[in-house]
Protein chains: 2
Amino acid sequence: MNGFRFAGIAAGIKKNGLKDLGLIYAEKPAVGAALFTRNKVVAAPVTLGRKTIADGRIQAILANSGNANCFTGEQGLADAKNTAETTARALGISPDLVMVSSTGVIGAPLPMEKFESGIPQVTAALVEGGLEDFSDAILTTDTCRKIVRRTGRIKTDSGAREFSILGIAKGSGMIRPDMATMLAYVLTDITIGAEDLKQALTHANERSFNRITVDGDTSTNDTLVCMASGEGEAIVGNEPSFAAFQTLLDEVCYDLAKMVVKDGEGATKVASITVKGAQSREDAFRASEAIAHSNLVKTAIYGEDPNWGRITAAAGRSGACVDQDRMDLYFGEVAIVRQGRWLGPEAEEKAAALMKKDEIDIILDLNLAEYSDHFLFCDFSENYVKINADYRT
Amino acid sequence: MNGFRFAGIAAGIKKNGLKDLGLIYAEKPAVGAALFTRNKVVAAPVTLGRKTIADGRIQAILANSGNANCFTGEQGLADAKNTAETTARALGISPDLVMVSSTGVIGAPLPMEKFESGIPQVTAALVEGGLEDFSDAILTTDTCRKIVRRTGRIKTDSGAREFSILGIAKGSGMIRPDMATMLAYVLTDITIGAEDLKQALTHANERSFNRITVDGDTSTNDTLVCMASGEGEAIVGNEPSFAAFQTLLDEVCYDLAKMVVKDGEGATKVASITVKGAQSREDAFRASEAIAHSNLVKTAIYGEDPNWGRITAAAGRSGACVDQDRMDLYFGEVAIVRQGRWLGPEAEEKAAALMKKDEIDIILDLNLAEYSDHFLFCDFSENYVKINADYRT
């Protein structure tokens, strides 16, 4: 992506010696927008980040794994400011243009000596091709990088022009939709105002990161940041070019969110639940959220069992208005319940065959009205328990 | 318990040949009260039970495991009525006095031929000492019987008199507080009106079954029934004797609820979370519920890790008003966080030692106002996943 450089190094923050300190740098101050966790317990970088992004301008993002700098009190906030200032000095820019993000263990103080020595190193390592190093530096229990690139076209007075969006995310556990999920960065070369960018990002987030779950726990550090370098075409709200940008941004965020779910702690399958025919938008959200969060549904998917009883029961307890005698349920194309009636062993066998796939689509039609919603989630295996029972040891 | 007889037999409803059909019978029609699941998808016996209990009188309860008779449509309701009528005929009483309960797999039709042959058998097997047989007949993934007996005393004009309460429950998975949990039966020899009994049962339920969770999924079959034989002393609302009865009923329900949590699917430890100092009753409920339901908190307890960051983060996402800089957190007597500050490695070591126990008490003081609430929950092990991935196969 033109206009951006990246780096990622091992600064000794993680005990295992892997990369743990990353930097994104825009050649010129970029227009920025960010969304943060709605958890009321928040990490120091989130508190600081809300201030940094307030003027809609950002030039660098310093991100570390191995320590979340959360529940670290006044010292944590001072440490976050300190790392932003050190980074700004190394880059020769204003501290107001540097955002910091942290992910990892909650409650331990930030090891400042590692940042003192690491920040000059990571700054010196900045290169255009450093994206994968940066991506590696923000992973925790993730088992793979999460990078999405897309190119779109918009019409201008002088013909069609290309623009690009690049997204990088991390996240595998403590994933529950209530704003962005853990850390995600989206970069674009478009020229856009801060208000328009915030609006576009909010729209994309609502349909992606706010519709996924791994384990139902909302992180204290969730952060989604978008930087627009202004190298390319100008985008203004309410124009066709804005729609083209929005569509591509939605896609990038959705694909990143899906990568997070796919790499969910212990996950072996990705599932989607679409609830249709609900009486209200909120009912569609509630029912799909309850199903996506149900440990019983998730363990059944792990067991490749089309356990429709658990799905309909989760909808029943969700608070949404439902009539069990009107429900239709499908696994992919296979109907297994119609008007509240199980369709028998043949339908069940067909559904069971579908469950062996890596991606499972479930559709619950409440047949009450026209509202729908959609969640992405993963199954639940013994490995989730293993990963999280031993996380701090 | 005077005035009641019990039986439990293997009728062939369960595939494994274990006991699966149980009967409780009161010598005379008893005063009855019942609470049912608030799940909007409900089993046929719950629909029927709501009608049966409406007049506050009940003489027999037929309960089966191996089949939940849920999501079985009109046929399921007809089958439930049919089993009640067959039981009434075998006992020579009115069908209006027979309640039926079912627990097990959702969605399969009730195997009526097993009931036709089983009901006369279980009726013939009724004896005063049949309590354990009955208890065995209602178990599914439970690994042990859940029976509580208590004796209380009330003052009467002619001196102190004893009264008894006997509770029997089943439940291990699909346990989340939204009314009673699965099947629980409480019997007493007290003389009481139906309205007073309902009031006392609601009070006891709110502090017991409605404050436990195993996996966050609300059953479609939850039922809590209380039968008062009227053999003993009379109890009227607002009298000291009512308070004595209420206290003992609360204890029996709490102990039964705790047994359910202790036998939670895959559980190795029982934990309690008390949230104090909340700004409202609802906030105390929300924060304690979010902590008790958190998979991250539950896996940490399984891993014997006093992971206070996950506990405070769960409170933060609960929707309750919290100020992270005022929180105090204790494991048993050991303070680990004070005014939002981690107390260091020595406190952590003491807390880690406590985590090796079978029962863990966690206290979170929000230090905002005076409201508190309390949940019982269990840890989360690989075995929960194993049990629920393979449940129907």
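The figures here come from the full heavy-atom set of this structure, side chains too, leaving out hydrogens, waters and symmetry mates. Computed from a prediction, not measured in an experiment: that's the story for all the values here.
In this structure, chain A has a heavy atom under 4.5 Å from the backbone of Ala320(B), while its side chain stays farther away. Contacts between Ala108(A) and chain B at a heavy-atom distance below 4.5 Å are absent for every atom of the residue.
Looking only at side-chain heavy atoms (C-beta outward), Phe380(B) and Asn295(A) come within less than 4.5 Å of each other. Val42(A) places a side-chain heavy atom less than 4.5 Å from the side chain of Gln324(B).
Ranked by heavy-atom pairs shorter than 4.5 Å toward chain A, the options Gly73(B), Gly340(B), Ala300(B), Cys321(B) are led by Gly340(B).
Of all non-hydrogen atoms in Ala389(B) and Tyr302(A), the two that sit nearest each other are CB-CD2, 3.8 Å.
Going from atom CZ of Phe71(B) over to atom CE of Met327(A) covers 5.0 Å, rounded to the nearest 0.5 Å. The CD atom of Gln75(A) sits 8.5 Å away from atom CZ of Arg341(B), with the distance rounded to the nearest 0.5 Å. A distance of 8.5 Å separates CG of Asn383(B) from CD of Glu382(A), quoted to the nearest 0.5 Å. We find the OG1-NZ distance between Thr299(A) and Lys386(B) to be 13.0 Å, quoted to the nearest 0.5 Å.
Within a 6.0 Å sphere centred on NZ of Lys14(B), other residues, nucleotides and ligands contribute more than 12 heavy atoms. Applying the 6.0 Å contact sphere to CD of Gln339(B) captures more than 12 heavy atoms from other residues, nucleotides or ligands.
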Test log, rule side-chain contact (heavy atoms from CB on, under 4.5 Å), inputs Tyr384(A) and Val385(B): CA-CA 9 Å; Tyr384(A) 177 87; Val385(B) 178; over 6 Å; no
